[in-house]
Structure formats: structure tokens, C-alpha cells
Amino acid sequence: MTTMKAFSLLLAALSISLCSAQTTLDMNDLDFIPEVRQRSLFTAAGFIYKFETVTEKTVWGDLRTMFVNVNPSLATLPGEGAAQNLVKVGPCAINQPHNHPRATEISHITEGELLFGFAEENGGRPFIGGNATKGQTVIVPQGVIHFAQNLGCKQAQFIASFPNRDPGTQTTASTFFRLPLSAIRATTGLSEKEIQKIMKSVSGNVNPSLDLVCAKRCSMAY
Ligand SMILES: *[C@@H]1O[C@H](CO)[C@@H](O)[C@H](O)[C@H]1NC(C)=O
């Protein structure tokens with residue numbers, strides 16, 4: 001069948017379905033049906049999950065991702081799919097500045113209070129920040145560098161959802177220090193010795209990491 005002929009047949013079929021309650025289209029022939037069928041891969045036993053895999057963990061908190069690499073069921077969802085993180089941020093700890101290259105994030109705070117901060121793209125606002133407390137939701141646009149810091153002396157927690165099965169994460173500080181020394185030298189104007197010192201402290205500062213000034217205020221032993 002030529003494309004033109006198929007197209008006019010489709011138009012005819014569509015106008016019939018628009019004009020009457022009865023449709024002559026075989027729904028199984030439509031392109032979107034295979035995506036609907038994919039949903040049936042979820043069974044009665046196979047759609048309830050826990051955040052089992054701890055992706056990053058320190059004494060100051062942990063990060064449990066449910067991206068497609070951790071939960072392959074997400075690969076069966078239609079469209080771009082979805083993903084979710086559970087993030088626990090201890091007193092004075094920070095979920096370090098990072099961005100998600102492939103998805104916007106919608107985070108709901110389930111415990112405590114967190115300072116959410118954003119640094120927009122070149123030409124955008126240099127910094128926007130605000131404290132979000134239990135019961136509130138924060139929206140982080142795709143690709144924007146952001147962090148969640150607990151400046152309080154009690155544990156905080158939030159659940160981050162993404163409209164993508166594989167939103168990806170790029171941690172800002174460790175990404176920068178992966179670049180060649182010459183590039184870091186030229187960018188910062190620092191000596192190799194100074195750069196080595198910062199690199200060492202950044203790579204040793206695993207995520208979530210601690211704000212020592214806050215820890216002192218909260219009389220925390222660390
Ligand atoms: C957020 O809370 C902290 C700690 O209570 C406070 O120091 C800071 O000024 C607040 N930030 C904003 C943007 O409101």
C-alpha cells in the first residue's frame with residue numbers, strides 16, 4: 001500500500017470514528033497500543049518496591065536511587081518513564097551541588113527542613129535559595145545545578161521524583177576536578193599545589209558531606 005493510500009484510509013477511518021459512536025478502527029493497529037500493552041508487564045506481585053539499593057552512604061546521610069539501572073521494571077514504562085530517589089540528610093549534612101541532565105526533579109520533603117539552592121545557567125540568576133519544610137514540595141528544572149542542605153540539628157529527608165527512567169546525576173565539584181590540571185589551572189588561576197589540596201579535599205568529601213561550622217553550632221561530634 002502506498003503511503004498516500006494508507007493516509008487517506010486513515011483519514012476516512014478517523015472521520016467515521018468522529019462522526020459515530022461506533023469505530024471501524026482496529027485499536028490494535030494504532031501506534032500507541034504497544035505502549036499501553038507494556039504496562040501489563042507489571043503484575044500483582046511486581047509493582048510494589050522498596051528503596052533497597054543505597055547508592056551513596058556516609059555517616060551523615062544516604063542516597064537511594066530508583067533509576068532504571070537499579071530497577072529494570074522502569075524500562076517497561078511508556079514514554080520517558082519515571083524514577084525516584086529517597087534522600088536522607090543528617091544534621092548539618094549536604095546533598096552536594098549537582099544536576100540531572102535528563103530530567104526535572106520534583107522533591108517532596110518528608111522530614112525536617114532543608115535549604116534548597118539553585119544556580120541557573122549563564123545569564124540566569126546567580127543564586128536562588130529557600131528553606132523547605134516537611135510537607136512542602138520543591139521543583140528543580142532539568143539541568144540546573146542545585147543542592148539540599150540541612151542546616152538544622154535534626155535529620156531531614158525528601159523523596160525526589162523524575163519524569164525520566166534515567167535522569168542521570170552530575171556532581172558539580174567532583175566533575176570539575178576531573179578535568180586536566182592545565183584546564184583547572186587556567187580556570188582558577190591557582191598553583192598546582194593549591195589545586196592538589198582542593199582536589200584532595202573534594203574527592204575525600206564523599207556525598208552527603210558535612211558543614212563543620214553547622215556541626216559546631218549543633219555540638220556534633222564528628
Ligand atoms: C534557611 O534557614 C537557615 C537556618 O535556619 C537560615 O540561616 C537561612 O537564612 C535560611 N535561608 C533562606 C534563604 O531563607
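All ligand and atom numbering here is 1-based and tracks the order in the structure. Computed from heavy atoms alone, side chains included, the values below leave out hydrogens, waters and symmetry copies.
Taken together, the cysteine pair Cys218 and Cys92 keeps its SG atoms at least 2.5 Å away from each other.
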*Does the ring pair (Phe, Tyr, Trp, His ring centres under 6.0 Å) test come out yes or no for Phe147 and His98, once each step is laid out?*
CA-CA 7 Å; Phe147 65 83; His98 63 279; 9.2 Å; no

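Using a 4.0 Å threshold on non-hydrogen atoms, atom 11 (N) of ligand 1 counts as touching the protein. Distance check for atom 2 (O) of ligand 1: a protein heavy atom is found below 4.0 Å.
In terms of heavy-atom proximity, Lys88 sits nearest to Pro208 at O-CG, 4.3 Å.
Gly129 O, 3.7 Å is the protein heavy atom nearest to atom 13 (C) of ligand 1. Of the protein's non-hydrogen atoms, Glu113 OE2, 4.4 Å is the one closest to atom 5 (O) of ligand 1. Shortest contact from atom 4 (C) of ligand 1 to any protein heavy atom: Leu151 CB, 4.1 Å.
Of all atoms in ligand 1, numbered sequentially from 1 with element shown, those under 4.0 Å from a heavy atom of Asn131 are 1 (C), 2 (O), 3 (C), 8 (C), 10 (C), 11 (N), 12 (C), 14 (O).
Ser201 meets the side chain to side chain donor-acceptor pair (under 3.5 Å) test with no other residue; sequence neighbours excluded.
For the pair Arg125 and Glu120, the salt-bridge criterion is met [side-chain N within less than 4.0 Å of a carboxylate O].
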